[in-house]
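Residues: numbered from 1 along the sequence shown.
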Amino acid sequence: MVGEGGSRAGGDRESEFGGVGGWWWSDQISGGDGCRLMEAEYVRRHHRHEPRDNQCSSTLVKHIKAPVHLVWSLVRRFDQPQKYKPFVSRCVVQGDLEVGSVREVNVKSGLPATTSTERLELLDDNEHVLSVKIVGGDHRLRNYSSIITVHPEVIDGRPGTLVIESFVVDVPDGNTKDETCYFVEALIKCNLKSLADVSERLAVQNAQPISNTGFDEASAAMRAATR
C-alpha cells in the first residue's frame, strides 16, 4: 500500500476539489496533488451519491502495488466475494451472473450480522465498475448501496491500481451519522487491505518482466483524468 484516504458527505470541511463530497483526505503518495486531482476526478465521474437526511455517505481510496487487470479479476467476482473479503464465509448466487443477480452471503462470527442478501446493480468490465445494493439479511445496514472502481496508475515506476469504494446507507435508530460511517468505513478498510494483500501476493507469484505497454496505459489514464 502506498496510501489511502477517503471523503465523507456531511463533514466539517468543504471539499478541496468541489462537488466531490463533504471533505477529502489522502496520505502523501507518489505524484502529490496530481494524484489527488486524479482521485477526485474518478470520484466525480463514478461515485455520485445523493444521501437523504437520514443517510450517510463516504468514499475511501486504496493504492495497490498490482496491475489493474489482476485487481479487477478479484473485484468483479460478485459470485465469490470471499476471494478477498475476510468476513465472508460463504456466497451463493441465484441464477446466472448478470445485472439483477442476487447473492446470499453468510458472514463470519464476530460481526453484528449473520447473513446479507445483495443485488448486482452494475458490472462494467470496460470501465471497471461494480455496484451492489443490499436488499435484505440479518443486519442493520438498510438501503445500503456501494460502488467500487479500479483504475490503472503508476506506483514506484511499476503498473499499479487505484481502488475507490463509496457507499450510502441509512443511519439506524439510536446511532449518529458519524457512528454509522465509522462502522462501515472500518469494514471497507479491512476489505480493501485484504484486497491489496491478495492482489500483491498474486502479483509477486505471477511476476513477469515489466512491459512498456502496462506502464504506458497507466500513464495515459492518469493524464486523461487530470486534464
Side-chain angles (χ1 to χ4, degrees), residues 4 6 8 46-47 49 51-52 54-62 64 66 68-125 127-150 161 163-175 177 179-202:
E4 62 182 315
R8 182 181 301 142
H46 299 293
H47 295 266
H49 295 285
R52 301 189 297 270
N54 67 327
Q55 293 184 315
C56 67
S57 180
S58 186
T59 302
L60 294 94
V61 173
K62 187 77 171 178
I64 299 178
V68 68
H69 70 85
L70 193 158
V71 178
W72 177 244
S73 72
L74 296 169
V75 171
R76 74 177 304 280
R77 293 304 300 266
F78 175 78
D79 57 332
Q80 294 186 27
Q82 64 270 33
K83 279 183 172 288
Y84 75 90
K85 292 187 175 184
F87 300 114
V88 175
S89 60
R90 182 172 178 267
C91 175
V92 177
V93 175
Q94 303 171 5
D96 296 331
L97 183 59
E98 57 187 4
V99 171
S101 294
V102 174
R103 68 186 181 191
E104 297 289 342
V105 174
N106 288 3
V107 180
K108 292 181 180 178
S109 61
L111 290 177
T114 57
T115 63
S116 181
T117 305
E118 303 168 0
R119 184 174 65 226
L120 179 61
E121 301 288 285
L122 176 64
L123 178 62
D124 189 330
D125 284 314
E127 293 288 335
H128 296 153
V129 183
L130 175 75
S131 178
V132 176
K133 181 178 179 65
I134 292 180
V135 295
D138 176 28
H139 53 74
R140 301 184 70 197
L141 298 181
R142 304 305 177 196
N143 292 315
Y144 178 94
S145 293
S146 70
I147 301 170
I148 183 167
T149 60
V150 304
T161 301
V163 181
I164 304 175
E165 184 162 359
S166 62
F167 70 88
V168 62
V169 67
D170 288 359
V171 177
D173 292 340
N175 291 101
K177 289 185 177 182
E179 289 170 342
T180 305
C181 267
Y182 284 138
F183 172 74
V184 179
E185 287 169 354
L187 293 179
I188 292 177
K189 287 177 181 179
C190 286
N191 288 337
L192 293 180
K193 181 182 184 304
S194 179
L195 176 63
D197 292 342
V198 173
S199 299
E200 291 171 1
R201 184 168 62 250
L202 290 173

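T161 places no side-chain N or O within 3.5 Å of a backbone atom of I64 that could act as its donor or acceptor partner. Counting only distance, with no hydrogens or angles, the side chain of S89 and the backbone of N106 share a donor-acceptor pair below 3.5 Å. In this structure a side-chain-to-backbone donor-acceptor pair under 3.5 Å is present from S131 to S146. Under a 3.5 Å cut-off, the side chain of S166 and the backbone N or O of S58 do not form any donor-acceptor pair.
At least one side-chain heavy atom of R76 sits less than 4.5 Å from a side-chain heavy atom of L123. Using a 4.5 Å heavy-atom threshold, the side chains of H49 and F167 count as separate.
The nearest pair of heavy atoms linking L192 to K62 is O-CE, 3.8 Å. Smallest separation of non-hydrogen atoms from A66 and S199: CB-O, 3.7 Å. Here the closest non-hydrogen pair linking H139 and A113 is CB-CB, 3.6 Å. Residues D170 and R52 approach most closely at OD1-NH2, 3.7 Å, considering heavy atoms. Taking both residues in full, the closest heavy atoms of I134 and E118 are given as CG1-CG, 3.8 Å, listed atom of the first, atom of the second, then distance. Nearest heavy atom pair, residue E127 against residue H46, reads OE1-CE1, 3.7 Å.
The existence of a salt bridge linking D197 and R201 is excluded, since no basic side-chain nitrogen approaches an acidic carboxylate oxygen closer than 4.0 Å.
The structure places OG1 of T115 at 5.0 Å from CG of D138, a figure rounded to the nearest 0.5 Å. For the atom pair K177 NZ and Q55 CD, the distance stands at 9.0 Å (nearest 0.5 Å). A distance of 7.5 Å separates OG in S116 from CZ in R103, rounded to the nearest 0.5 Å. Note that the CD atom of Q82 and the CZ atom of R77 stand 9.0 Å from one another [nearest 0.5 Å]. Between atom OG of residue S145 and atom CG of residue L122 there is a gap of 12.0 Å, rounded to the nearest 0.5 Å.
When the options I147, I148, V129 are evaluated for a side-chain contact (heavy atoms from CB on, under 4.5 Å) with H47, the one that passes is I147. The only option from N191, V184, I188 that meets the side-chain contact (heavy atoms from CB on, under 4.5 Å) definition with L60 turns out to be I188.
Taking a 6.0 Å sphere around NZ of K133, one finds it holds more than 12 heavy atoms contributed by other residues, nucleotides or ligands. Remark: D173 CG is loosely packed, at most 12 non-hydrogen atoms of other residues, nucleotides or ligands lying under 6.0 Å away.
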**OP:** Report the C-alpha separation of N54 and V171 in whole Å, then their side-chain angles, then the decisive distance to 0.1 Å, and conclude whether the side-chain contact (heavy atoms from CB on, under 4.5 Å) test is met.
**Re:** CA-CA 6 Å; N54 67 327; V171 177; 5.5 Å; no
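Residues N175 and T180 bring no donor and acceptor atom of their side chains to less than 3.5 Å of each other.
Scored by the salt bridge (Lys or Arg N to Asp or Glu O under 4.0 Å) test, E179 finds no partners at all (sequence neighbours excluded).
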Kindly list each side-chain donor-acceptor pair under 3.5 angstrom involving residues 91-99, sequence neighbours excluded, with atom names and distances?
{"residue": "Q94", "atom": "NE2", "partner": "E104", "partner atom": "OE2", "Å": "3.4"}

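Applying the ring pair (Phe, Tyr, Trp, His ring centres under 6.0 Å) test to residues at least two apart or on different chains, the pairs with a partner in residues 68-92 are W72-H128.
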